[in-house]
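These notes are about the structure you will find just below.
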Amino acid sequence: MAHVNLGKQHPAAYKSVLALNKEVEEAVARAGLDAKLAELVKVRTSQLNGCAFCLRMHTRDALDKGETTDRLAVLAAWWESQYFTEQERAALALAEDVTHPMEPGGHEWDNGSLSDEQVSAITWLTIVMNAWNRIAVRSHYPVAP
């Protein structure tokens, strides 16, 4: 199977995803969501999609924004830990629901800790992160030490 760098093959489409990403990042900030929470959503979405490139990038970004290694270490099983606030738990459950909407037994995210604006911002953030994961995985972006 041929491996094609999607951004190089169709740069206008790639630039459109970049523009959407910028708008969504601004919506996240306007919604009053913490930058660390946004990175947690990006990392969790990337875990679900198996995107090593985005996992490495957003784990580093999360650490740069003050996230702890303990919280990142348990993120894949966030619902079993006591590390995350109600708002973070809701955001992570929502990200999982957006990434795998038909998966039975999901986590309840509508616990009242997110405003409508925040639900929309996190949903868009997850949609864009899913797009980036697919771009990176399908383009076979290199991930090496």
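- Side chains of Q87 and N111 form no contact here, defined as non-hydrogen atoms less than 4.5 Å apart.
- The salt bridge (Lys or Arg N to Asp or Glu O under 4.0 Å) check on K15 picks up nothing, with sequence neighbours excluded.
- Taking CD of E67 as the start and OG1 of T59 as the end, the distance is 10.0 Å to the nearest 0.5 Å.
- S120 contributes no side-chain N or O that, together with a main-chain N or O of D116, makes up a donor-acceptor pair within less than 3.5 Å.
- Closest heavy-atom contact between K8 and P11: O-CD, 3.6 Å.
- Nearest heavy-atom pair across A76 and Q47 is CA-OE1, 3.5 Å.
- A search for salt bridge (Lys or Arg N to Asp or Glu O under 4.0 Å) contacts involving E23 returns R30, not counting sequence neighbours.
- Residue L63 is found in a hydrophobic cluster whose other members, listed by chain and number, are L40, V43, L55, L72, V74, L75, W78, W79, Y83, F84, L92; membership requires side-chain heavy atoms under 4.5 Å apart, directly or through intermediates.
- More than 12 heavy-atom neighbours from other residues, nucleotides or ligands sit within 6.0 angstrom of NZ on K65.
- Using a 4.5 Å heavy-atom threshold, the side chains of I135 and V17 count as touching.
- A salt bridge does not link K22 to E25: none of the charged side-chain nitrogens sits closer than 4.0 Å to a carboxylate oxygen.
- Taking the side chain as every heavy atom from C-beta outward, R56 and R60 approach each other to under 4.5 Å.
- V137 and V4 fall into different hydrophobic clusters, where Ile, Leu, Val, Met, Phe, Trp and Tyr are joined by side-chain heavy atoms under 4.5 Å apart, directly or via other members.
- A121 approaches A27 most closely through the heavy-atom pair CB-O, 3.9 Å.
- Within the structure, every pair that satisfies the ring-ring contact (aromatic ring centres under 6.0 Å, His included) test and touches residues 113-133, not counting sequence neighbours, is listed here: Y14-W132.
- Here T45 pairs with nothing under the side chain to side chain donor-acceptor pair (under 3.5 Å) rule; sequence neighbours left out.
- Side-chain contact check for T126 versus L94: every heavy-atom pair is 4.5 Å or farther apart.
- Pairs engaging residues 37-60 under the ring-ring contact (aromatic ring centres under 6.0 Å, His included) rule: F53-Y141 [sequence neighbours left out].
- Looking at M129 and C54, their side chains come closer than 4.5 Å, going by heavy atoms from C-beta outward.
- In this structure, CG on N5 lies 12.0 Å from NE2 on H10, to the nearest 0.5 angstrom.
- In plain terms, the two heavy atoms of L6 and S139 that are nearest each other are N-OG, 2.9 Å.
- Remark: E86 CD to L114 CG distance equals 10.0 Å, nearest 0.5 Å.
- In this structure, S16 OG and N21 CG are separated by 12.5 Å, a value rounded to the nearest 0.5 Å.
- L37 approaches L33 most closely through the heavy-atom pair CD2-CD2, 3.7 Å.
- For the residue pair D70 / T68, no side-chain donor-acceptor distance below 3.5 Å is found, with atom types taken as modelled.
- Linking ILVMFWY side-chain heavy atoms closer than 4.5 Å, directly or via other members, places I122 and L48 in two distinct hydrophobic clusters.
- Hydrophobic cluster membership is shared by V28 and I127, with clusters built from Ile, Leu, Val, Met, Phe, Trp and Tyr side chains linked at under 4.5 angstrom.
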